[in-house]
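One structure is given below, encoded as C-alpha cells.
Atoms within a ligand are numbered from 1 in the order they appear, just like the ligands themselves.
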Amino acid sequence: MDPLLTLQNICYSYHTPDGETLALENISFTVDEGEFIAIVGPSGCGKSTLLNLICGLMKPQSGEIALHGEPVTHTRPEIGYMLQKDHLFEWRTVYRNILLGLEIQHKCTPENIARADALLETYGLASFKNSRPSQLSGGMRQRAALIRTLVLDPNLLLLDEPFSALDYQTRLSVCDDIGIIIKKEKKTAVLVTHDLSEAISTADRVIVLSKRPGKIRSIIPIKLDIEDRTPFRSRNAPNFKDYFNLIWKELNCHE
Ligand code: ADP
Ligand code: MG
C-alpha cells in the first residue's frame, strides 16, 4: 500500500529583515494510512513549521510533500489541524462551534449533521450541546475541538501540542481520551509534542528532530509489550522506559 503522506527532502527558511533563518533541513519520511506518528524535538526546532508545510499553509523552499501521491500545493479539506489553543468561540454554543467547519465549507448536509450528533453522543458532550465553551473543563474543550475537526471527516489529523495548555493530570487523561478517539475513528495522525512520554504512549513511530535547523535524528518504531494498547496503559509497559531512555539520548546527543 502506498503511504498516505510522503515528505521528501523538505527544507524551509524564514526570511526576516534581519536575515534568513533555516528552520528545517532535509526532512524525509512517510506516514501510512491509519498510522499514529509523533514528532518530538526541542522548542524552536521547526515542529510547527513542519505541520504548516504538511497542511499546505506554507510552501517548502525545496522538496516535495504529497498526499496520496498528489503534491500538496494548497490547504486541503482532507487534512484536519488541531492546535494547542482550542479556538472555540465563546459567542457560539458548543454545538455551533462544532458545526463551524461544516458551515464554512458549505457542507451542512443531513449526513454531516448526523455525524456531528453521533460524535457528540459517543464522546460524552451531547448534554453540553447548548453550553458555552467557558462552561466546559479544559479536557472537554479539547474534546470539543477534536470533534469539530473530526466532523469534517479528515483523512489526516495534524495535532500541534494539543495538550500542552492543560495541567498534568488533565493532560494525561485528555491524551488518553484523544488517542483512543483517533484510533477508534481510524484516523491517521501526526502529533507534535515536546513531551517524550506523550509521544511514546501514543505513537506507532516517533520521529526525533534535532535542534534548529530541524533535521531527522532518528525514526523509532514503538512496540510496547502490552495488550489493548491505549496511551494511558502504554505508560505501564515494561519496555516504556527503554524507549524513553533511547529518545532522551537521541535528543541530547550533540554531535
Ligand atoms: P517549534 O514548533 O518546534 O517550537 P517553530 O516551527 O515554531 O518551532 O519555529 C522554528 C524556528 O523558526 C524558530 O526557531 C523560529 O526562530 C523560526 N520562526 C518561526 N516562525 C517564524 C516567523 N514567522 N518568522 C521568522 N522566524 C520564524
Ligand atoms: Mg510549535
What is the ring orientation for Trp248 with Phe244, classed by angle as parallel under 30°, tilted 30 to 60°, or perpendicular over 60°? parallel

Considering only heavy atoms of Ser43, which atoms of ligand 1 have at least one such atom less than 4.0 Å away? 4 (O)

In sequence, state the C-alpha distance, the side-chain angles, and the governing distance for Glu121 and Lys129, and then conclude on salt bridge (Lys or Arg N to Asp or Glu O under 4.0 Å). CA-CA 10 Å; Glu121 187 67 46; Lys129 259 172 100 160; over 6 Å; no

SB check Asp204 Lys183 (cutoff 4.0 Å): yes

Ser28-Gln8 side chain donor-acceptor pair, cut-off 3.5 Å: no

Can you tell whether the side chains of Asp86 and Arg143 come within less than 4.0 Å, N to carboxylate O? no

Identify, for atom 5 (P) of ligand 1, the protein heavy atom at the shortest distance, and state residue, atom and that distance. Thr49 OG1, 3.6 Å

What is the closest protein heavy atom to atom 8 (O) of ligand 1, and at what distance does it sit? Gly46 N, 3.2 Å

Looking only at protein heavy atoms, what sits closest to atom 12 (O) of ligand 1 is Tyr14 CE1, 3.3 Å

Tell me, please: is Gly41 in heavy-atom contact with ligand 1, that is, under 4.0 Å? no

Geometric N/O contact Thr21 with ligand 1, under 3.5 angstrom: no

Report for the Mg ion (ligand 2), protein N, O or S closer than 2.8 Å, by chain and number, lists Ser48 OG

Rounded to the nearest 0.5 Å, how far does CG of Asp195 lie from OG1 of Thr202? 9.0 Å

Going by distance only, is there an N or O of Ser48 that falls short of 3.5 Å from an N or O of ligand 1? yes

Measure the distance from atom 11 (C) of ligand 1 to every protein heavy atom, then report the residue, atom name and distance (to 0.1 Å) of the closest one. Gly44 O, 3.4 Å

Ionic contact status for Lys47 with Asp160, cut-off 4.0 Å: no

Do NZ/NE/NH1/NH2 and the carboxylate oxygens of Arg233 and Glu227 come within less than 4.0 Å? no

For atom 15 (C) of ligand 1, the protein heavy atom that lies nearest, with its residue and separation: Arg212 NH1, 4.3 Å

Lys/Arg N to Asp/Glu carboxylate O, Lys187 vs Glu185, below 4.0 Å: no

Would you call Glu198-Arg171 a salt bridge at under 4.0 Å N-O? yes

